[in-house]
Every structure is written in C-alpha cells, then in structure tokens.
Amino acid sequence: MDQLLTPTESSHTVLLSNVPLRSTRSLDGSWRAILDPYDTGYVNILGQRNRQGFFRDFKPRSPADRVEYDFDRSLQLRVPGDWNTQDPTLLYYEGTVWYRRLFDVTEIGAGRSFLHFGAANHTARVFLDGEELGCHVGGFGPFAVEVTGRLAVGTHSLVVQVNNRREPTRVPAMRSDWWNFGGITRSVELVTVPEVFLSDAWLTMAPDGRIVGGATVDKGTGQGRPADRAEAGPPVTVELPDASIRVRLVDGRLEIDAVTAATLERWRPGKPVLHRVRWTCGDDALEDEVGFRTVRVDGNRLLVNDEETFLRGISIHGEGPSGGRRAHGPQDADTLLSWAQELGANFVRLAHYQHDEHMVREADRRGLLAWAELPVYWGIAFDDPQVLANALDQADELIVRDRSRASVILWSVANETLPGESRLAFLGALIDRVRSLDQTRLTTAALLTVPSNDPTVHIEDPLGELIDVVAINQYLGWYYGQRGEVPKTVFSTAFGKPIVFSELGAGAKFGNHGSEHEIWTEEFQAAVYEAQIAMIRAQPDCVGLSPWILKDFRTPLRVLPEIQDGYNRKGLVSEEGQRKLAFEVLASFYAEFDWDQNR
Ligand code: GCB
C-alpha cells in the first residue's frame, strides 16, 4: 500500500540554491499538527487515496459533518523545529505528522513562486489547497515546489505530511548514534523570482588558482534538478568588483584564469576575506559574499592556499547549543561555531549529514574550514539501486547548495561503512557524482578501524584508493586499547595520502570528578585526550583531527542511568554548554599552533 514514500517517489521537487540571497516571505512560526501513527490521513482502508484525507484540510463545520479531524483544534508545533522536543509525549515518536499552515495572499505578484523547505526529516509530501505538489525523500537537504499560478488572493492551506520512520532503504537506515529528530526542521519560505531566473549560481577557486563556477537558468520550461548548463536564454553575467571582473558565462560555465584571479585577496583560515559577487540574468539579480582559497593535497600533505595546513578540528552534530534539540537558524550556528573557535579550532567536521545553511555561511564569515557530510552511515542497503539514487540526490542537494562556500574543503561520502563489493561500487558512484558537481574540493570518508593489539595500524580499505584524504575514526583508550599504549601507535595507509583522525574521544559526565582511571569522569576523558595528542604529534601522515565531539548530544543508543540518560557523553561541553576538563586539554594543544604558519 502506498502509505510511505520510497526513494523513487521523490518527485516534482526542485533544487534552488542561494535562497538566503533572495527576498522571501517566511512561513516559519506556529503550525497546526496532527499525529498519524497509522497513516490514515493519506489513504483509506481500501487502499485508495482518502477523499477526506488530512491534506484536504477539512473540518467538521456542522453537527452532521462526518469529518474526523480538525487542524484548528490540534497540536501546535513550531517550524523550524523537531517535534520530539516540543512535547514530552513526542520524544520517541517515529511516524507521520501532518503539519498545516494557513497564509494569506493579498495581491498577485509578477514572476514565479516556490515554497522552499530548508529540510524536513525524513520524507515530506507537500499539498497546497488540497492538491499534492511534490514529495521529497531525505531528511537534511533543501527542496522546493513551484506554486506559480496557484496563489490567488485569499487564504491558502499549506499541508505537509512528514514521516521520520526508519527504514532499511533510507539514507541513513535503521540505526544511527543520534536522535532521529522528526519534523520540518528548517525554515519554510515563499520565494518569489522573475519568470526567468537563476535556479543555481556558484563561484569558487580551483586548486590552480582559477576562479570557476556555473549557473543554471530556469526558464520555466520544466521541473527537475538543475544541470550545470544554462539552456539558451538571457545571458548570465557575474561581477566581482574587487578584482574588476565582469564576465558573461558561456554555456552556463565560467572560468577566469589564475592571473586575473590573483588580484583577489585570499580567504584564509582565521582571516576570512569575502568579496562581493553579483549575478545577473535578465530581470534576476543575486548578490553573494564569496571567499576564494585553494585546497589540494600533495602526497601526504594538505595545502590550503598552497600552504601546508594542519586541521585543528572538532566534530559537531546538528544539535542546538542547549535543550538537546535539532539546531536551526543563525543563532545556533553562531553559538556552536563560537565554541569551536574558543577551542582554537580552525576546522569543523559537520557530522553526519548536511547541516543548516547558516552553519556553512557562518563558517565562511568566521574563517573556519569545514567538512560537509552525507548521511551514508551504518547499515546502508548498498546493493539497492533505489537507495543509491536517493544518496545521489542527497549529494546534489549538499553540493549545489554549498559549492560557493570557501569554508567547505572536504565532501565526505560515508561514515563507518563495512568493506565489500557493493559498498565500493555504491561509494564509487557517489564519489563520481561529487566530482562531477565540484572538482575543486577534496573527497573523504570516515573509515572504521578495527581494534588490535598491534601498535602499528595499517589502513588498506580499498575505499582509500578512491578518496583524496583518508579519514580514520579510532577510539584508542576508550572502546579498545590500553591508554598507556596509545602514544606508541602508528597509523599508516597503503595510499600515500594524508590522514585526518575524524573521530577520537571518550565519554565523561560534566561535573563527575574522580580518578583518571575511573570511567565517565572528566579526568578519564582528559587523560584519553592527553594520550591521543601524544600519539598524533608523532604521526607522519596526519594532517589534522576532528575529535568526537564538541557537545554531548541526544541518542537513543546511550542508556546508562545517571551517566548517559539518553546522551552520548563524548562532548567537550555538556548538552548545556558547560566545559569539561578535556576542552582545556585540546585547547592548549591547539594554542601551540602558529596561526600565520598554519602549523
Ligand atoms: C562513531 C560514530 C559516531 C558515534 C561515535 C561514538 O564511530 O561515527 O557517530 O557517535 O562513534 O560515540 O561511539
């Protein structure tokens, strides 16, 4: 029965980039919501589309009306936001929630209109005035539906069916070490654009110092995802006044040679310089702030602006700085990234899925390098072509949204996936897609290391062949290995590529003090960091680290009473932002680095 969306059903949605640069009308705020754990709101018991389904937004208007729902008398939920933390009875809820927002249109404007969603976890079906306009699969990427011609003067009903049930054929799949926050978790906006407009426009610096970019002109001729090619239409012009550059794009593609680009002051970690970029196409104009830097690897070295760079990082989940809720908006981005900078970090791993756009834009402004990641995490159905199709869609959403961001230097395609043929083929296809969308950044994947008593760890996972930077998750001194032995461990790979320790760490409950041999104490966690830092200092191929993790975060996997209570306690700060001892240990290591030398 067609109750839930499968990946192939993702349809009639479009991908628009640069939404924050456009004038939009916010539909955030209080929405009405109906819980529908048995999915009765869409189809009836005969398996047919329910003519009185919740998407019709009916209500009993007279005593004889046979309508068994009423949004006006139902729950209220804030958008953006997860539903789990807005009502105690919804904390563990996984299933369908119907959201409804009424909005008034007072005049019919010119041009075209789209309803844009920053993200909804995991599937979303969008209905306007009872009509289904599109559905989207994937909990962290942006999507839009076109509503041109549908917004007559009057009141309109926007209904969204959101479902966050875990399924083996979803990405992520059945189990993850974070909370499966459901809901319309990022902002909803009504975006108005000219008839012919730039559905995508991006600009960045290639490893050789050329400026490259592209634009897609949407002439209203069809639906679908933007290609990197403009159809014949009005010319697209891009201006960079700081370098006196004004160019017309040919075939939607742009290349400015390195000599011309050399006049632009570079964006550097810790010293971000952003330049005004202006796009025009017919009546459409967009103004962005873009940084230009190069990133490349040379053997086992990582070079940013051709300077050897050590990534002094920290991993971050998309969870707000307090309240154990899904993060959203500029305030959360500002707080989380300010904590990272107080730690002395120059790099953030935005784990384990696409974060709110405010995070990468704020990272640009703060001069933080960033790793952006796809939710290809434990237990993915690698041999299912529909699952791959959905992962590829999620890659499009991640890269098309963020490829003008100087902060983003790494696209990570997977975290802790088990070697095997179908996995390699799946991730190979994903890496190809990433490179077809962006050849200017590096690819990576966080590999799982298997515990052993051997002080030398040699990584031979064939995925290492396909990626540019080998990322290693290792929990020496915590899940395995004696702490005293950690500094003696040497990591090497079969690939002659740089290594980043994408995870390391230990759990501690804030305020729990005791011996450094007593698990869950701040002292124990700090001692693991000391041992890891000693190990890292001696690693020949290591170009950085992003320990696990900035802040304690909610997860149903962590059940130890009075210690975990539903939180992963590996944070350097508690779920309310209180610093543990390990914060200072890592901060003093990072303070040794010379910002000007990057080392
Ligand atoms: C990992 C996972 C991460 C977990 C972490 C842990 O390897 O990548 O999602 O939260 O370990 O705490 O065990």
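As the structure lists them, so they are numbered: ligands from 1, and atoms in each ligand from 1.
Judged by distance alone, the side chains of His352 and Glu416 never bring a donor and an acceptor atom under 3.5 Å apart. With no hydrogens or angles considered, no side-chain donor-acceptor pair links Thr521 and His513 at under 3.5 Å.
Cation-pi geometry between Lys570 and Tyr475 is satisfied (NZ or CZ under 6.0 Å from the ring centre, within 45° of the ring normal). A cation-pi arrangement is present between Arg483 and Phe524 under the rule of less than 6.0 angstrom and at most 45 degrees off the ring axis.
Salt bridge annotation for Arg401-Glu397: absent, with no cationic side-chain nitrogen under 4.0 angstrom from a carboxylate oxygen. Taking the charged nitrogens against the carboxylate oxygens, Asp364 and Arg405 do have a contact shorter than 4.0 Å, which makes a salt bridge. A salt bridge links Arg423 with Asp461: the closest approach of a Lys/Arg side-chain nitrogen to an acidic carboxylate oxygen falls below 4.0 angstrom.
At least one heavy atom of Arg558 lies less than 4.0 angstrom from ligand 1.
With hydrogens left out, the protein atom closest to atom 5 (C) of ligand 1 is Tyr475 OH, 3.3 Å, a heavy atom. Nearest to atom 12 (O) of ligand 1 among the protein's heavy atoms is Lys570 NZ, 2.5 Å. In terms of protein heavy-atom proximity, atom 7 (O) of ligand 1 is closest to Glu416 OE2, 2.3 Å. Considering only non-hydrogen protein atoms, atom 1 (C) of ligand 1 sits nearest to Glu503 OE1, 2.8 Å. Closest to atom 4 (C) of ligand 1, if we only count protein heavy atoms, is Asp177 OD2, 3.2 Å.
Atoms of ligand 1 found under 4.0 Å from any heavy atom of Phe553 (numbered from 1 in listed order, with element): 10 (O). Listed by atom number, the atoms of ligand 1 under 4.0 Å from His352 heavy atoms are 3 (C), 8 (O), 9 (O). The distance from ligand 1 to the heavy atoms of Tyr479 drops below 4.0 Å at these ligand atoms: 6 (C), 12 (O), 13 (O).
Residue contacts with ligand 1, taken as heavy atom pairs separated by less than 4.0 Å, do not involve Thr555 at all. If you look at Trp478 next to ligand 1, there are no close heavy atoms at all, none under 4.0 Å. Proximity of Asn415 to ligand 1, defined as any heavy-atom pair under 4.0 Å, is confined to the side chain (atoms from C-beta onward).
Sorted by first and then second residue, the salt bridge (Lys or Arg N to Asp or Glu O under 4.0 Å) pairs involving residues 530-550 (not counting sequence neighbours) are Arg537-Glu592.
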